[in-house]
Amino acid sequence: MTSSTPNSTAASHASYDPSAVEHKWQERWRADRTNSPDLDHAERPFYQLMMFPYPSAEGLHIGNVFAFTGNDIYGRFQRLLGHTVFEPIGFDAFGIHSENYALKVGIHPMELIPRNIENFRRQLRRVGLMVDWSHELSTTDPAYYKWTQWIFLQLLERGLAYRGKAAVNWCPSCKTVLANEQVVNGACERCGTIVEQRFLEQWFFRITEYAPRLLANLDWIDWSDKTTTAQRNWIGKSEGAEIDFAVAGSDASIRVFTTRPDTIFGATYMVLAPEHPLVDAVASASQRGAVRAYVERATKRDLVARKVGDREKTGVFTGGYAVNPATGERVPVWVADYVLMEYGTGAIMAVPGHDERDLAFARTFGLPIVRVVAGPGEDASTPLTDAYTDNEGGRVVNSPPFDGLATDEAKARIVAWLGERGHAKATVTYRLHDWTISRQRYWGPPIPIIYCDACGMQAVPEKDLPVLLPPIADFRPDDSGISPLARHEEWYRVPCPECGKMARRETDVSDTFLDSAWYFLRYPSTEFDDRPFDADRTKRWLPVNIYIGGHEHAVLHLLYSRFITMVLHDMGYLDFEEPFKRFRAHGLLIRNGAKMSKTKGNVVNPDEYIERWGADTIRLYLMYMGPLEEGGDFRESGISGMKRFLDRLWASAHEMRSDGTPDESVMRKLHRTIRKVGEDTNRLGYNTAIAAMMEYMNTLRSGERVPQRAEVEPLVQLVAPYAPHIAEELWERLGHTGTIFASRWPTFDPALATEDDIELAVQVNGKLRGTVHVARDIAQDQAVAAALGVPGIAKFVTGTPRKVIFVAGRLLNLVV
RNA sequence: GCCCGGGUGGCGAAAAGGCAGACGCGAAGGACUUAAAAUCCUUUUCCCCUUGCGGGGAGUGCGGGUUCGAUUCCCGCCCCGGGCACCA
């Protein structure tokens, strides 16, 4: 092939054969370890992270290819800019998804997962990613989950892991507990089964303790607004007050949380959640029976009906009363399921005049409704048709000492006033709950805890890690709420690390999201067995420079990763507290206007497309569909255009001449293209970057001209991040040795990138009437004269223009 | 209900407040070719006037506004996609 010298004439070169080129370079990269940087000595390290895939049996999804290509282009671009780029990959192979599939096909996950991983590796290599395969990891590898267990122990030591009995979400189909984040509309996010409420002993991580910081850091980390907004909403900060209402005829008091202390004069009744501990105490003898019946019904009602079903208000009067600390009046106490035990204090003061739910309830049960806020144009006696819930613009009424105050001021004054008498204090509440990490399943890292009858709960000593997951045949979960591991005495009976007597292992495994909450810390340090992450490596490579992944992980994975990183930071293991400096979410890839799914049978298998067109063409096509962050619609119709572009690139590199001087106007276009492709690639505007390269190609080959070497060579470099195989091949054929990624991104000359002459748009009264060809730096007077010299423009101008708008280098607007 | 996105040719899409539709697909015509492929050259938002050359008007979901000038900014709606949802 070396006979294809740059000076060979047209038609003497073989045509572009993607499969041969791609195979050759994938082998070359592997043999030369082209993509395995020296992690200990990199001077300008750049950590390019992509969300590791779950290795499903179906193989790589085209959506994965879309996401990984988007990552890879950025990583390759950074490398051409002179960074040492580390682009690792791994497999998120533990979890219910894998286990359920293994149960379905009747193959043990320990057998199934390695097969799937092997298939994924093969497919990933074909995409041509700049992956450093020497740092691959799998969360199911004992060498990995040893450290997942270690992290659990760190949280335990820090007091951030605790065991508690709590109402938890139980999926009767998966037969395990789910975190709140994993319940979608009251159903299991995995299988769609309606989730039940169960009271079980569980392991929790105290993520709520980090809520203020998790929230505060969102203000400065460089993430897309969409993602930070989703996290903010999930953390759900509410500022308000806790207020105590004394129970009439008792020493007890009911504490409520409200964001509207300014409306307390309108609190005409109270509501307790059915699970509230004071329900029984407040209930009067005559109402107790009815109350108990209601509570029983409510707690049995599945969560879907209660949370997302019809919003019909139900409830029962307890027969008891409490005293409104602002008015001194007795208000009835009700029990109703529209108040949730898990939020705030599980009790509310109901203000039907200014809360829609309270109003609906009050109307259903005939409770008094009082106006205590008047909006603009309203007064204390304006009848309420709907609940007036506006916070701004309202003034407090019917609230004797505070009448006339704006709501914001009233809030502060009323809390202070009640506070002086010990009835209230300002407080902040979050919607975020502690993270339930226990899973009563098999396919996960065993939680490293031992229960001893003599010594109590013991952490497994670090030297005994990992607690290996035993290869058991009957790993099917049952309805007992206890992990299948509990059926294996030979595994769970173990000597107590403290006293040596026989004790029992914890049989729950941890949530998959814990596996993925720290994998980015492990990548640079995969070769170390004696530490989770090496201090020097971590210092050099972390935090991650850019992380690109799916928006579906905006609250789950990303929040947990941030939390674990913060904890490790606080314990002195890390010197940063945010793991991902920059995060961008790619959009969703759909097909012919519809979401891809197995049931619809419209899932695209990347293999056949790569086979048919080549990886470079598919990479270009996926990126050309639209902005990366907006996703795209996979329609095969557009692929041919990308192949045509690469064919023309191939032809140009072979037909070009090295003996002439490059064309000046082509060189101008080249420099503008270098600038645009660089800028666009940097902001993930891959679609417009590709368009710019195509435009340049059109210029280059316009009218069947034969391009010059100096016109073609830089284009090969611009294309390299997008279509790495063909770029490598052409770079070699152009006479270079070594990978093109060791070369430097072409620099653009600003002087060459600007034209001397421009087409100036001329408007009359804002309407385009023509253009004039003038010097770039023409003065306004001359521009006007030039414009009026064009009959097609002049005919719209009668007399002298009243006003002239001149935007140098762009446009002239004559107002007549 | 609330919070994010988004509505632009036949299709995917571009446009620091400054020539709307770059670039690609598709379609039509042409050059080259015995022919085809490839390549290259035209045309391709809609409507009207004109035999033609050419000229005019409308147009970025709808209705207003700001501006010399709006796809872009503001106000009020409609529709589509996604997320959250009895969160006090």
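Heavy-atom basis, side chains included; hydrogens, waters and symmetry copies ignored. Throughout, a chain's letter reflects where its sequence line sits, starting with A, and its residues are numbered from 1.
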- By the Watson-Crick or G-U definition, both distances under 3.5 Å, B/C84 is matched with B/G1

- Whole-Å distance, A/Gln231 CD to B/C84 P, equals 13 Å

- Send over the distance from A/Lys237 NZ to B/A88 C1', rounded to a whole Å. 17 Å

- Message: Taking the C1' atom in each of B/G9 and B/U45, what is the distance between them to the nearest angstrom?
- Response: 5 Å

- Please state how far atom CD in A/Glu695 lies from atom P in B/G21, giving the value in whole angstrom units. 13 Å

- Pick the P atom in B/C2 and in B/U66, then give their distance to the nearest Å. 29 Å

- Between the main-chain N or O of A/Met623 and the side-chain N or O of A/Asn687, is there a donor-acceptor pair closer than 3.5 Å? no

- Message: Whether A/Lys313 engages the ring of A/Tyr338 as a cation-pi pair (distance to the six-membered ring centre under 6.0 angstrom, angle to the ring normal within 45°) should be assessed.
- Response: yes

- Message: One thing to verify: whether A/Arg363 and A/Asp358 come together as a salt bridge, which I'm taking to mean a side-chain N less than 4.0 angstrom from a carboxylate O.
- Response: no

- Query: Quick one: do A/Glu711 and A/Arg705 make a salt bridge, cutoff under 4.0 Å?
  - Reply: yes

- Considering only atom P, compute the distance from B/U60 to B/G21 and round it to an integer number of Å. 14 Å

- When the P atoms of B/A14 and B/G61 are considered, how many whole Å apart are they? 15 Å

- Task: Select one nucleotide: of B/C19, B/C86, B/G24, the one nearest the side-chain heavy atoms of A/Met642.
- Result: B/G24

- Task: Specify the residue among A/Ser637 and A/Arg357 whose closest nucleotide of RNA chain B lies further upstream toward the 5′ end.
- Result: A/Ser637

- With rounding to whole Å, what would you report as the distance between B/C46 and B/G59 at their C1' atoms? 8 Å

- Touch check for A/Thr429, heavy atoms < 4.0 angstrom, all strands: base, sugar-phosphate only, or nothing? nothing

- Closest nucleotide among B/G56, B/C25, B/C19 to the A/Phe796 side chain: B/G56

- Result for 5'-nearest mapping on RNA chain B, choosing between A/Ser640 and A/Thr771, is A/Thr771

- Rounded to the Å, how far apart are A/Met341 CE and B/A88 P? 16 Å

- Mind checking ring pair (Phe, Tyr, Trp, His ring centres under 6.0 Å) for A/Phe513 and listing every partner two or more places apart, or none if nothing turns up? A/Tyr560

- Query: For A/Thr345, which contact category applies under a 4.0 Å heavy-atom criterion: base, sugar-phosphate, or nothing?
  - Reply: nothing

- B/G83 to B/C73 separation - P atoms, rounded to the nearest Å: 26 Å

- Sequence neighbours left out, what pairs pass side chain to side chain donor-acceptor pair (under 3.5 Å) with at least one residue falling in residues 618-632 of chain A? A/Asp72-A/Arg619

- Item | Phosphate OP1/OP2 of B/G57 contacted by A/Arg769 side-chain N/O (<4.0 Å) | yes

- Identify whether the glycosidic angle of B/G9 places it syn (within 90° of 0) or anti. syn

- Item | Who pairs with B/C46 - Watson-Crick or G-U, where each distance is under 3.5 Å | B/G57

- Task: Could you tell me whether the phosphate oxygens of B/A88, OP1 or OP2, come under 4.0 Å of any side-chain nitrogen or oxygen in A/Ser238?
- Result: yes

Could you list the protein-to-nucleotides 35-39 of chain B atom pairs, N/O on both sides, closer than 3.5 Å?
unit_1: B/U39; atom_1: O2'; unit_2: A/Glu704; atom_2: OE2; d: 3.3

- Query: Which listed nucleotide (B/G12, B/G24, B/C87) is nearest to the side chain of A/Asn698?
  - Reply: B/G24

- Message: Can you check the distance between B/G82 and B/U72, where both ends of the measurement are the C1' atom (answer in whole Å)?
- Response: 24 Å

- Message: Pair A/Arg648, A/Lys643 - check side chain to side chain contact (heavy atoms under 4.5 Å, CB included), show working.
- Response: CA-CA 9 Å; A/Arg648 298 206 294 159; A/Lys643 177 62 168 32; over 6 Å; no

- Query: Among the nucleotides B/G24, B/C19, B/C41, which one has an atom lying closest to any side-chain atom of A/Ser702?
  - Reply: B/C41

- Query: Between A/Asp225 (CG) and B/G5 (P), how many Å, whole number?
  - Reply: 7 Å

- Note on the structure: When both distances are under 3.5 Å in a Watson-Crick or G-U wobble arrangement, the nucleotide paired with B/U72 is none

- Identify whether any heavy atom of A/Glu356 sits under 4.0 Å from a base atom; if not, whether one sits that close to sugar-phosphate; answer base, sugar-phosphate or nothing. nothing

- Item | Any residue meeting side chain to side chain donor-acceptor pair (under 3.5 Å) with A/Ser652, in chain and number order, not counting sequence neighbours | A/Arg701

- Can you give one letter per nucleotide of nucleotides 13-18 of chain B, 5' to 3': B if a protein heavy atom sits under 4.0 Å from the base, S if only from the sugar-phosphate, - if neither? SS-B-B

- Item | Partner set under side chain to side chain donor-acceptor pair (under 3.5 Å) for A/Arg635, not counting sequence neighbours | A/Asp633

- Query: If you draw the axis of the six-membered ring of A/Phe634, does the NZ or CZ of A/Arg591 fall within 45° of it and under 6.0 Å from the ring centre?
  - Reply: no

- Could you please name the option among B/C11, B/A85, B/A88 that lies closest to any side-chain atom of A/Thr258? B/A88

- Task: Using a cut-off of strictly less than 4.0 Å, decide whether A/Lys226 has a side-chain nitrogen or oxygen near OP1 or OP2 of B/C84.
- Result: no

- Message: Measuring from the side chain of A/Ala691 (C-beta onward, heavy atoms only), which nucleotide among B/C25, B/C86, B/C23 has the closest atom?
- Response: B/C23

- Query: Do the side chain of A/Thr617 and the main chain of A/Gly614 share a donor and acceptor less than 3.5 angstrom apart?
  - Reply: no

- In whole angstroms, the gap separating P of B/G56 from NZ of A/Lys767 amounts to 11 Å

- In whole angstrom, what separates A/Tyr338's OH from B/G1's P? 20 Å

- Task: Return yes if some donor-acceptor pair links the side-chain N/O of A/Thr69 with the main-chain N/O of A/Phe66 below 3.5 Å, else return no.
- Result: no

- Item | Nearest-angstrom distance from the residue atom NZ of A/Lys803 to P of B/G69 | 9 Å

- Item | Separation between the C1' atoms of B/C62 and B/U71, rounded to whole Å | 15 Å

